[in-house]
Every structure is written in structure tokens, then in C-alpha cells.
Number of protein chains: 2
Amino acid sequence: MRKTIIVFGLLILGLLLLFQLSKYAVISGDLDSEVVIAIIAIVFFFVGVYLNKKSLHKQKVASEDINHKKIKDLDISKREYEVLLGISEGLSNKEIGEKLFVSESTIKTHVSNLLSKLNAKRRTQALQIAKDFNII
Amino acid sequence: MRKTIIVFGLLILGLLLLFQLSKYAVISGDLDSEVVIAIIAIVFFFVGVYLNKKSLHKQKVASEDINHKKIKDLDISKREYEVLLGISEGLSNKEIGEKLFVSESTIKTHVSNLLSKLNAKRRTQALQIAKDFNII
DNA sequence: AAACAGTTCATACTAAAGTACCAAACCACT
DNA sequence: AGTGGTTTGGTACTTTAGTATGAACTGTTT
């Protein structure tokens, strides 16, 4: 948030400076007034593009970012979360076990705990719930 | 695509008109040159915002839209697709059967066919593949 | 009318998934 | 040194999921 304010401040200062510089350039005859207008137009065009991209990006990130707080709220451990990611990749318990170098039994324990923490009956339902919570 | 060209053409024409009008306004003394520059800046700022939003929106839509062609290419039938949606909602075969008013056996048949068409070993893998193909 | 694709359903089976319960080992903290 | 949370893993069991096969019933096309 502080970063945004600083960027905005610098932007406004830069633009004011540009205005003043262009005014002096026109008065002193170094530049044609049409050229100045063209530069102003181009600069503001890109300022518009830039600010729009920034704001849209934030929205996008906000809706796609992983909600780490929610993971903690649900009391999901590191290992359980890794298992959840394995499920979302479409892996079987056995395959997840091989990936994490533990036995299938261990994965079953994690999955069972995950399901109760996510209040799900099946792994597919767990995926749907996890997506709703933005934790995967 | 034609629409885009027309919009762009009109936009450029409008901007050129604005340029000429502002020039005459300054010469005839109706408007201060600083006001003209401010107007140009604001207009181009919003042109930048508008064009950026347009292009980003298209990208977003393109990546989120369901690829109906891909569904046909994979030879997935209407009913099979409904079952796929049921799976993505985290339902069991039995629950999907109740939702579509058919027996669990029927759902099993559909699921089995779906898996072979999607080249998946499990329903969770089918979900992952279907997402990659943008068909759910 | 015959062929065809899609849907429906059943049986019988194997393979995964999931539950319940227990137990040991580990790490961090006090 | 003991407590608590996490991770690990086993056994035994029930429930879903998935496969294979066969069969009947729909529309649609030729």
C-alpha cells in the first residue's frame, strides 16, 4: 500500500515536471508545440495502460492467490497440504506416497485427516472445496 | 476482427479531429493552450485504459471459455459430459446417478468411457486433464 | 428396414479409496 | 525431562471406484 502511494506520488511529480519542461521548451522555441502535444499524448496513453494493468493484475492475483490464512484456519499441516496438491494433480495414494517417499498407509492417514478438516466425503469433493477456499 | 479495425479507424479519426479542433481553438483564442494539453492528456489516458482493458479481457475470456471443439474432438457425448461435471462437483457415482435420474451402473459405464476418452486412470486425473483442455 | 451411435442397466469382478484404531518416532518448546 | 503436535506406518475392515461383458432400448441416418 505504501509502495502504491510512493509510485503515484512520483508519477504525478514526473508529469508535472514534464508539463513545465514542455512549456519552457515551447517558449524558448526548442520544440514545436505539436511535438509537445504528441509526446504528452503518448506518455498519458502509456500511463493509462500501465495503471490499468496494475489494477487488473491486483484483482487477478487476489482471486487466484493461495489463501494461506485459510489453510492455517483449517488446521491443515504442511504434509497434508502436499498430499492435497498430489490429489489435485490426479495422483493415486500410492503415487503420492512414491512422490513424497512415504508409504501408502501414511498417505491414507493424511487423506483421511484432510477430508475431515475440509468436511469432505471424497477426494474429488475435497478438491472442489479447496478451490472454493482458494487454497489450491 | 473487422470490428476491431473499424473501432481503431474511428478512434484515430476522432483523435486527429481533436488535434485539429484544438489547434483552431488555440489560434482563435477560444481556449488556453494548457487546457488543450490537459484535455489531450486525459483523453489519451482513457484511450490507454480502454485499449488495455479490451486486450486483457480477450485473453481472459479465451483462457476461461469452455472449449466445445475439444469436447467434440475427444468424442465426449452429452451424457458423458454431464457426468464429468458431476465429478467436478465432487459427487460420487451414486449421487450423480440420483442427480441425472439413472442408476449407478449407468454412471459407472459413462465414467469408464470418459476415463478412456480422456486417457485418465482415475476421476481426479480426468479432472486435471479436463481443466488442461479447458472443457470444464 | 437396417445400421449406427448413444443411453440405459445388470452381473461379477478387481482395484482403489477411505475409516478406525493403535503405536512409535520426531521435533519444538518450556 | 516431559508435553503436544506432526509425521509415519501398520492391520483390519467397509465403501467406492473402475473394468469387462453382455444386452436391450432409443433415436437418427442411409
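Chain A is the first sequence line, chain B the second, and so forth, proteins listed ahead of strands; every chain is numbered from 1.
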Find the distance [X]:[atom1] to [N]:[atom2] and express it as a whole number of Å.
X      : N       : atom1 : atom2 : value
E82(A) : dT6(D)  : CD    : P     : 14 Å
E80(A) : dT8(D)  : CD    : P     : 10 Å
K78(B) : dG27(D) : NZ    : P     : 12 Å
K72(A) : dT6(D)  : NZ    : P     : 13 Å

Is there a residue in residues 110-132 of chain B whose heavy atoms reach under 4.0 Å of DNA chain C, and which residues are they? H110(B), R122(B)
Using heavy atoms and a sub-4.0 Å distance, could you list which residues of residues 84-109 of chain A are near DNA chain C? By number, please. S92(A), N93(A), K108(A)
Just how far is it from atom NE2 of H110(A) to atom CZ of R79(A), taken to the nearest 0.5 Å? 6.0 Å
For I136(A), all residues meeting side-chain contact (heavy atoms from CB on, under 4.5 Å), sequence neighbours excluded: Y81(A), L84(A), L85(A), S88(A), L127(A), A130(A), K131(A)
Got a sec, which residues hit side-chain contact (heavy atoms from CB on, under 4.5 Å) with K70(B), two or more places apart in sequence or on another chain? N67(B), L74(B), F133(B), I135(B)
Under 3.5 Å, is there a donor-acceptor pair between the side chain of K108(B) and the main chain of N93(B)? no
S77(B) backbone acceptor or donor facing E80(B) side chain under 3.5 Å: yes
Please give me the minimum heavy-atom distance between I107(B) and L100(B), naming the atom from each residue. CD1-CD1, 4.3 Å
Do any side-chain nitrogens or oxygens of S77(A) fall under 4.0 Å of OP1 or OP2 in dT7(D)? yes
For T124(A), the option from R122(A), K121(A), Q128(A) that meets side-chain contact (heavy atoms from CB on, under 4.5 Å): R122(A)
Hey, does L51(A) have a side-chain heavy atom less than 4.5 Å from the side chain of F45(B)? yes
Salt-bridged, E82(B) to K99(B), with N to O below 4.0 Å? no
Identify the pairs formed between an N or O of the protein and an N or O of nucleotides 23-30 of chain C at a distance under 3.5 Å, and give each distance.
none

Got a sec, which residues hit side chain to side chain donor-acceptor pair (under 3.5 Å) with N113(A), two or more places apart in sequence or on another chain? none
Give a yes-or-no answer on whether the side chains of S103(A) and T106(A) include a donor-acceptor pair shorter than 3.5 Å. yes
